[in-house]
*Asks:* 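This structure is in structure tokens; I'll ask about it shortly.
Side chains are part of it too, since the values below use all heavy atoms of this structure and drop only hydrogens, waters and symmetry mates. All of these numbers come straight from a predicted model, not from anything done at the bench.
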Amino acid sequence: MRHHSVARAGWRRIAALFATFIVMVGILAALSPGTAWALEDDTDNPAYRSLGRANNPDWMRGVGDNTPLGWMSVPGTHESLSIRGGDSTYTQQNGGASGGTLAAQLQAGIRSIDIRVRVIGGSFTIHHGVVYQDANFADVLRVLGDFLSAHPSETVMMHLRAECDNSSNAITDCNDEPDSTTDQGRVDTFRKYLTDDPNAQYEVPPSLGSR
């Protein structure tokens, strides 16, 4: 779980490919919101209404533990929790606030997630640009923990990145609070979550079964 994160055999085997957050020093400041193209009312697209019909909670059970991650094609979502803000920010079928959308995706079989955070008052909130997505990073960790405990054969890879660049860009206008937050401040905020979560273990695994 977490940051290009990977978890297998339950909550205690949560690993993390920290490819974006730990390497974020010198990178996060350049990050800015992207553009979403999924339309909230795109009901003609059969994929738009498919989330509740898919049910693949244990599909990795048949994948060997020694399978290198680079050999796999893993289904994922972009801006995984972006369910608010209209057609300029909406990217996902709404499966519920407070991490409900993520839970629905995991149940359907999604194993690669894209989580965008904003720092507010020493915590991470989930955003697409300036639009709050009715979820916090604590919701993400809770949903992932519950899912991985119930489905120990599964691995979830997380790309975690800062959504705000703390610039004066009038278009994106997404700033952390305080807007003086630095890359190191974001890292420190993330480490606070690690400290508060004694069950999580973080590493960079080369394969699904690595501890």
*Asks:* Determine whether a donor-acceptor pair (N or O, by modelled atom type, separation under 3.5 Å) exists between the side chain of R116 and the backbone of E79.
*Replies:*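 Side chain of R116 to backbone of E79, a donor-acceptor pair under 3.5 Å: no, none is there.
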*Asks:* Just so I know, are the side chains of Q92 and L81 near enough to count as touching, which here means a heavy-atom distance under 4.5 Å?
*Replies:* no
*Asks:* Can you list the steps and then say if M157 with V74 is a side chain to side chain contact (heavy atoms under 4.5 Å, CB included)?
*Replies:* CA-CA 9 Å; M157 290 169 279; V74 179; 3.2 Å; yes
*Asks:* Under 4.5 Å between any side-chain heavy atoms of D176 and I120, yes or no?
*Replies:* no
*Asks:* How about N55 and Q107: do any of their side-chain heavy atoms sit closer than 4.5 Å?
*Replies:*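 They are in side-chain contact.
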*Asks:* Compute whether any side-chain donor of one residue and acceptor of the other, for N166 and D179, lie under 3.5 angstrom apart.
*Replies:* no
*Asks:* Looking at OG of S82 and CD of E163, how far apart are the two atoms once the value is rounded to the nearest 0.5 Å?
*Replies:* 8.5 Å
*Asks:* Distance check, rounded to the nearest 0.5 Å: L144 atom CG versus I113 atom CD1?
*Replies:* 4.5 Å
*Asks:* Quick one: pull up CG in L148 and CD in E154 and give me the separation to the nearest 0.5 Å.
*Replies:* 8.5 Å
*Asks:* Considering all heavy atoms of both residues, which atom of V131 and which atom of R84 are nearest to each other, and what is their separation?
*Replies:*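 Shortest heavy-atom contact: CG1-O, 3.7 Å.
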*Asks:* Using modelled atom types only, decide if a donor and an acceptor are shared between the side chain of Y193 and the backbone of F124 within a distance under 3.5 Å.
*Replies:*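 Yes.
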*Asks:* Can you tell me how far apart CG (D114) and OG1 (T91) are? Round to the nearest 0.5 Å.
*Replies:* 8.0 Å
*Asks:* With hydrophobic residues grouped by side-chain heavy-atom distances under 4.5 Å, do I115 and Y132 end up in a single group?
*Replies:* no
*Asks:* Between W59 and P75, which heavy-atom pair has the shortest distance, and what is it?
*Replies:*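 Here W59 and P75 meet closest at CZ2-CD, 3.7 Å.
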*Asks:* Indicate yes or no for a side-chain donor-acceptor contact from D139 to the backbone of N136 under 3.5 Å, with no hydrogens or angles considered.
*Replies:* yes
*Asks:* Please answer whether the main-chain N or O of G145 pairs with a side-chain N or O of S149 as donor and acceptor at a distance below 3.5 Å.
*Replies:* yes
*Asks:* Does L160 reach the side chain of F137, with side-chain heavy atoms less than 4.5 Å apart?
*Replies:*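 Result yes, sub-4.5 Å side-chain heavy-atom pair found.
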*Asks:* Establish, from distance only, whether the side-chain atoms of Q105 and T77 form a donor-acceptor pair under 3.5 Å.
*Replies:* yes
*Asks:* Could you go through the side chain to side chain donor-acceptor pair (under 3.5 Å) check for H128 and T89 one step at a time?
*Replies:* CA-CA 6 Å; H128 188 171; T89 60; 4.9 Å; no
*Asks:* Say you draw a straight line from CZ of R142 to CZ of F147; how long is it, rounded to the nearest 0.5 Å?
*Replies:*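 Answer for the CZ-CZ pair, R142 versus F147, is 14.5 Å.
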*Asks:* Could you check whether H78 and S80, counting side-chain N and O atoms only, form a donor-acceptor pair closer than 3.5 Å?
*Replies:*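 The answer is no; no qualifying pair exists.
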*Asks:* For a quick test of reading the model, state the closest non-hydrogen atom pair linking C174 to G129 and the distance between them.
*Replies:*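 For C174 and G129, the tightest heavy-atom pair comes out as SG-O, 3.3 Å.
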*Asks:* Could you tell me whether R186 and D188 have a side-chain N and a carboxylate O separated by less than 4.0 Å?
*Replies:* no
*Asks:* Could you tell me whether the side chain of T101 and the main chain of G95 form a donor-acceptor pair under 3.5 Å?
*Replies:* yes
*Asks:* Spell out, as yes or no, whether a donor-acceptor pair under 3.5 Å connects the side chain of K192 to the backbone of V187.
*Replies:* no
*Asks:* Does the pair R118/E177 count as a salt bridge with the N-to-O cut at 4.0 Å?
*Replies:* yes
*Asks:* If you look at every heavy atom in G99 and A135, which pair is closest and at what distance?
*Replies:*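 Closest approach of G99 to A135: N-CB, 4.0 Å.
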*Asks:* Between N56 (side chain only) and A108 (backbone N and O only), is there a donor and an acceptor less than 3.5 Å apart?
*Replies:* yes
*Asks:* Hey, what do you get for CG (L102) to CD (Q133), rounding to the nearest 0.5 Å?
*Replies:* 13.0 Å
